[in-house]
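Order of the sequence lines fixes the chain letters, A, B, ..., with proteins taken first and strands second; residue numbering starts at 1 for each chain.
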Number of protein chains: 2
Amino acid sequence: MSILEVAREAGVSVATVSRVFNLPDKVAPATREHVENIARTLGYLPNASARTLRTQRSRVLGVVLPTLTNPVFAECLEGIAQAAVAGGYAISPFTTDYRLDQEDRAVNLLLAGNVDGMILVVSNPATSTALQRLAEAGLPYVLAYNHHPDHPCVSVNSELAVTDVVTHLATLGHRRIAMVSGLLSASDRAQQRCRGYARGMEQAGLRAQPVLQVPFVAAAPEVLGEALNSQVRPTALVCSNDLLAIRSIRAAHLAGLAVPRDLSVVGFDGIALGQDLTPQLSTVVQSNADIGRHSVELLAQAVASGSPLGPDMGLTLAHQFRTGESCAPPPLSLVPPPT
Amino acid sequence: MSILEVAREAGVSVATVSRVFNLPDKVAPATREHVENIARTLGYLPNASARTLRTQRSRVLGVVLPTLTNPVFAECLEGIAQAAVAGGYAISPFTTDYRLDQEDRAVNLLLAGNVDGMILVVSNPATSTALQRLAEAGLPYVLAYNHHPDHPCVSVNSELAVTDVVTHLATLGHRRIAMVSGLLSASDRAQQRCRGYARGMEQAGLRAQPVLQVPFVAAAPEVLGEALNSQVRPTALVCSNDLLAIRSIRAAHLAGLAVPRDLSVVGFDGIALGQDLTPQLSTVVQSNADIGRHSVELLAQAVASGSPLGPDMGLTLAHQFRTGESCAPPPLSLVPPPT
DNA sequence: CTGTTAGCGCTTTCAA
DNA sequence: TTGAAAGCGCTAACAG
């Protein structure tokens, strides 16, 4: 079913059929209706590849993110998908599983695939070779969740958010507050959040503890179990993300501690599920769908204007602390007496 | 950067360059290396749209699913994405939010987008107009999670699985077992699972109760609260999916009931998160990633063979019941005395 | 083993 | 307001 058959059937030229779909105003109303009818009865759908080849515009946005297994990114992708459809774009997502070679591959595939722009969540913008090549390619792109002065980023101020969380916990009376993170090398987000922790502790006049690094999911109970069984165990855990917070709560349970009675736990991301848990997750809420939506909008804008996004075109979205049920004042017995 | 420039630079014809990328064996090794070098230094990437237009093959698979907000589908999409990359395909996902008009739209967009095949999770295969058109279009497609004799489906036997769950609960001593479902009209999955419940109850010689329908997420505490506060409240809840199970546990908590002490709750789907919760979710586990992977493989096979998948080409994957911590024998006080 | 060439389906000047 | 025709970048006969 090509434009040619529609043209023949309608007794007009292919140019006219094309105009009916792309510049309807430039076609006489009668002709237009006629062509539209023929097209409909024939079930004609303009061929996207041909159009892309001709116009050098695919109306497809590439998306590169670590995994859909973490609801943060699933929520974000949902936002991207919605905004894309609304803007007349399709998307082409790739998953990297936090691996740099996969980042590279995805960007290549996308570049060859004629996407009009890309949204990516990279491990580390400062060192990503994929990002480098992309920037050189002159294709519009925007980073989501990352943060870097040389690139347009849509994110929240993670560092500040975590600092505030620590302050909050300190205000509740906590003194031994620990940070739980995934592999620090795996993402700049993790690093920012740890910096926020360090700053928060400093501001509260507390001594920062070594970050509890959970190298992979299954290691959580072990790593945390050890920390929670120590003599001077923390009374509060600041987790770098919600998934980690959920596992920390589990680890606490396995160690015989109740949350929040014996231990407070705070997450980061605001995944929807957090509110359905018992205890409801206390967390830093960012709208993941909005991060996706705004990324699409920036990109659409760049595509329309024909120029890539400058590093200053990024967006820092608002975040907020949601007081759930997983954090409370420390057990009295564990509050050190004033000195 | 087109094939022409590479050809010029390498001093060969475009045909040779094309062969280097598509039929490397048909090119003299020396020429091949030479062209490869030129292509690399020029940063040449073959244009996917042009190739698609010429070959009528896009190496893109369309995906239509309800939402990424439910980890079931996010896990499935992750599986799809992985298998697709492995098979040399890109994917183009659309989200329908369980709306039929969106299903329709997505299928249209995908049809116009020259995808080589589609994986879809529809509301109801029996009534989906989108599915109808797709089948007529002669494009390979496969349904995931759905179940219907006229279409190739990759799924587990939900009905049987739920029947077994009910049997299990009955064996534990439960008599008042209720079914919790989302809108029954929203999906054939929900209907199958409810049928499984009815059958299980019948087999156990128990009286099936009216299904507790939770029309939308936020309504869970209300609907369930009412049921759980009644005089003859259920001692066990069979939930149509894990998200519903998680909310049911929350609702129980709000109603002052502890799970599993006062109430047993079983889910369906086996989302990864279920194992990190306390209590760990008892659920029917299906490998969502595998459902995605197998769908891709079937589709790839169909594309390779040039013919759509017949209705009998589907796959029923294994499921298993995972005994978590959310189900236990009923409280003794609530077990009716033997008659 | 390599080159020439005809389109794939569409948009877009340019003319009429 | 409409049509004729060029060409986007690529692959695949076909010829050599």
Are side-chain N/O atoms of [X] and [Y] paired as donor and acceptor at under 3.5 Å?
X        : Y        : value
B/Ser49  : A/Asn114 : yes
A/Tyr145 : A/Asn288 : yes
A/Asn108 : A/Arg105 : no
B/Glu78  : A/Thr67  : yes
B/Asn124 : B/Asp188 : no

* Which comes earlier along DNA chain C counting from the 5' end, the contact point of A/Arg51 or that of B/Asp25, where each point is its nearest nucleotide? ->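 This one resolves to B/Asp25.
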
Nearest to the [X] side chain among [options], which nucleotide is it?
X       : options               : answer
A/Arg54 : D/dA4, C/dG9, C/dG3   : C/dG9
B/Ile3  : D/dC10, D/dA4, D/dA12 : D/dC10
A/Thr55 : D/dT2, C/dT12, D/dC10 : C/dT12
B/Gln56 : D/dC8, D/dA12, C/dC8  : C/dC8
A/Leu53 : D/dT11, C/dT12, C/dG9 : C/dG9

Does [X] put a side-chain nitrogen or oxygen below 4.0 Å from OP1 or OP2 of [N]?
X       : N      : value
B/Thr31 : C/dT2  : yes
A/Asn47 : C/dC10 : no
B/Thr16 : C/dG3  : yes
A/Ser2  : C/dG9  : no

What is the distance, to the nearest angstrom, from the [atom1] atom on [X] to the [atom2] atom on [N]?
X        : N      : atom1 : atom2 : value
A/Arg19  : D/dA5  : CZ    : C1'   : 12 Å
A/Arg57  : C/dT11 : CZ    : P     : 14 Å
A/Leu111 : D/dG9  : CG    : P     : 15 Å
A/Lys26  : C/dA16 : NZ    : P     : 19 Å
A/Leu4   : C/dC8  : CG    : P     : 9 Å
A/Arg59  : C/dC10 : CZ    : C1'   : 16 Å
B/Leu23  : C/dT2  : CG    : C1'   : 13 Å

* Is it true that B/Asp104 and B/Arg133 make a salt bridge, defined as a side-chain N closer than 4.0 Å to a carboxylate O? ->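 Salt bridge: yes.
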
* **Salt-bridge criterion met for B/Asp97 and B/Arg99 (N-O under 4.0 Å)** =>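 Judged by the 4.0 Å cut-off on N to carboxylate O distance, B/Asp97 and B/Arg99 do not form a salt bridge.
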
* To do: Check the pair B/Leu61 / B/Met118 against side chain to side chain contact (heavy atoms under 4.5 Å, CB included), numbers first and verdict last.
  => CA-CA 5 Å; B/Leu61 300 179; B/Met118 293 191 208; over 6 Å; no

* Can you pull out how bent the helix from C/dC1-D/dG16 to C/dA16-D/dT1 is, comparing the axes over its first five and last five pairs, to 10°? =>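 That helix gives 30° between its end axes.
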
* To do: Select base, sugar-phosphate, or nothing to describe what B/Phe21 touches, counting heavy atoms under 4.0 Å on all strands.
  =>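 Counting heavy atoms under 4.0 Å across all strands, no contact is made by B/Phe21.
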
* Select base, sugar-phosphate, or nothing to describe what A/Ala15 touches, counting heavy atoms under 4.0 Å on all strands. =>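 Here A/Ala15 touches the bases of the nucleic acid.
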
